[in-house]
Amino acid sequence: MAKIVIKGQKELSGEINISGAKNSAVALIPAATLCKTKSTIYNVPEIRDIDYLIKIMEHLNCKVEEKDGAITIDSSKLKNKPIPEELSVQMRASYYFMGALLAKFGKVEMSFPGGCNIGARPIDIHIKGFEELGAKVEIIKNRYIIKAKKLVGKKIYFDFPSVGATINLMLAASGAEGTTILENAAMEPEIVNVASFLINMGVNVRGAGTKTIEIDGNKNVDNGVVDVFPDRIECGTYIILGALVGKNLKIKGIIKEHIGALLMKLTEIGVDYKIEGDTLTISKCNDIKPVNVKTQVFPGFPTDLQQPITTLLTQAKGTSYIEETLYENRFKNTYDLNRMNAITNILTLNKLEIRGPRQLKGTKVIATDLRGGASLFIAGLIASGTTEIENCEVILRGYSYIVEKLTKVGADIKYIE
Ligand code: UD1
């Protein structure tokens with residue numbers, strides 16, 4: 001089994017370039033099936049989830065070419081085929097084929113999507129939305145069969161501003177007759193990224209990035225071109241790392257509005273940083289203060305940075321508390337953090353106490369999920385001795401060239417097959 005091996009406590013300096021956002025790219029690729037012929041997506045991250053999505057695109061008879069971080073998709077021979085379980089379970093984002101293929105063909109068949117095991121993660125809001133547009137949804141064992149003679153635009157109110165449901169309904173609504181209005185929509189930057197792709201290919205979308213999004217259906221779309229936004233979670237992970245072991249570490253490719261909640265929290269913690277243009281420079285903070293963190297939907301503190309910031313707070317002088325409001329099982333990383341000499345206590349299902357400061361010590365650990373894995377590689381980089389992270393494939397699902405990027409700035413980190 002592959003593992004990441006880290007010898008900790010090296011100072012990191014130099015520049016880390018942020019890759020394209022995983023959570024945008026995984027929606028933009030299925031969205032490309034809406035185009036009649038070609039579309040191009042630039043700045044695509046090189047991560048495992050993208051490899052699997054390309055396999056699904058090829059299974060659907062699309063031609064995909066990859067060159068210099070851009071992928072060109074030819075969907076002129078697109079065929080609507082059931083998506084096999086071995087592909088759809090590889091990641092959660094496979095559910096975006098539901099919205100896209102429903103818009104294109106009025107029918108889609110696929111298995112329940114996969115993704116990190118961090119809670120129940122139902123997709124009832126997506127399904128309810130498809131039904132409101134006129135689709136019939138049949139669930140046989142774990143297969144979804146979604147059909148619509150025609151989709152008709154409507155006002156849809158989301159009970160919760162789900163990122164996935166907002167994007168999926170934008171995709172489905174692009175194939176509906178008339179206008180769809182999504183109320184209480186998610187406002188994450190990934191939504192804006194997908195909307196800009198839809199607009200570029202010819203769908204009228206208004207209000208993306210606000211709570212109300214309007215989509216005028218249009219099936220006659222083509223030649224979509226889009227740049228994937230920089231990955232705000234990758235960016236936040238490396239900023240957190242910089243606060244622990246950076247020496248004028250430069251994180252290049254930031255959009256500060258996308259990481260506002262993290263930056264505010266870092267200021268409260270006592271971390272100093274400087275932003276010039278798209279580059280943030282950060283050095284080790286020697287006086288880390290304890291804080292309370294509550295995860296929320298955008299623009300609140302992102303749940304995907306909750307596990308990375310937990311590692312930072314193991315170094316704070318005092319006790320910090322984290323409240324996880326999005327997922328009910330997102331503290332699994334703390335088992336191994338404690339084995340590395342941290343003191344964290346799960347107080348209730350969604351409340352964590354972290355007592356610092358603790359000198360972490362390298363040992364063998366297991367990455368249970370993508371961002372939990374991130375909290376462990378940060379821990380390994382600040383720990384004394386050697387940390388071996390097993391099941392590290394989950395980390396490669398979200399961090400493009402992680403070993404190469406960290407080695408370039410001075411980390412002692414290896415990937416061993
Ligand atoms: C996306 C991100 C993920 C991030 C999350 C929240 C992708 C591929 N993944 O996940 O990294 O952690 O946003 O920022 O973009 N929910 C329901 N029913 C639904 C949909 C969601 O109950 O139909 C619940 C979920 O179980 C979860 C919460 O709503 O508790 C948030 O989910 P959602 O915003 O949909 O996240 P994802 O799109 O799955």
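Order of appearance sets the numbers: ligands from 1, and atoms from 1 within every ligand. On a predicted model such as this, the values are computed, not experimentally measured, just so you know.
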Regarding Glu188 and Asn23, do their side chains bring together a donor and an acceptor under 3.5 Å, going by distance alone?
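No, no side-chain donor-acceptor contact under 3.5 Å.
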
Could you establish whether Ala165 and ligand 1 come within less than 4.0 Å of each other, counting only heavy atoms on the residue side?
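In this structure, Ala165 fails to qualify as a contact of ligand 1 - no heavy atom is under 4.0 Å.
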
Do any nitrogen or oxygen atoms of [X] lie less than 3.5 angstrom from nitrogen or oxygen atoms of ligand 1?
X	result
Tyr95	yes
Tyr327	yes
Gly164	yes
Leu326	yes
Asn23	yes

Heavy atom under 4.0 Å from ligand 1: found in [X]'s side chain, backbone, both, or neither?
X	result
Asp304	side chain
Phe158	neither
Phe160	side chain
Arg92	side chain
Val163	both

Identify which one of Thr72, Asp74, Ile41, Ile54 satisfies the side chain to side chain contact (heavy atoms under 4.5 Å, CB included) criterion when paired with Val64.
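Option passing the side chain to side chain contact (heavy atoms under 4.5 Å, CB included) with Val64: Ile54.
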
Nearest heavy atom to atom 23 (O) of ligand 1: which of Ile125, Val297, Thr325 does it belong to?
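Looking at heavy atoms only, Ile125 sits closest to atom 23 (O) of ligand 1.
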
Presence of salt bridge, [Y] and [X], under 4.0 angstrom:
X	Y	answer
Asp51	Arg48	no
Arg143	Glu109	yes
Arg232	Glu190	yes

Verdict with supporting geometry, Tyr95 and Tyr144, ring pair (Phe, Tyr, Trp, His ring centres under 6.0 Å)
CA-CA 10 Å; Tyr95 57 33; Tyr144 285 84; over 10 Å; no

Of all residues at least two apart in sequence or in a different chain, which pass the side-chain contact (heavy atoms from CB on, under 4.5 Å) check with Glu132?
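Expected list: Lys128, Lys154, Ile156.
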
Ligand-side contact atoms (ligand 1) for residue partner Asp124, heavy atom cut-off under 4.0 Å:
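Those atoms are 17 (C), 18 (N), 19 (C), 22 (O), 23 (O).
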
Measure the acute angle between the ring planes of Phe298 and His258, then classify it against the limits of 30° and 60° as parallel, tilted or perpendicular.
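Phe298 and His258: perpendicular rings.
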
Taking ring-ring contact (aromatic ring centres under 6.0 Å, His included) as the definition, give me every residue that meets it alongside Phe158, ordered by chain and number, with sequence neighbours left out.
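Partners of Phe158 by the ring-ring contact (aromatic ring centres under 6.0 Å, His included) criterion come out as none, since no residue qualifies.
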
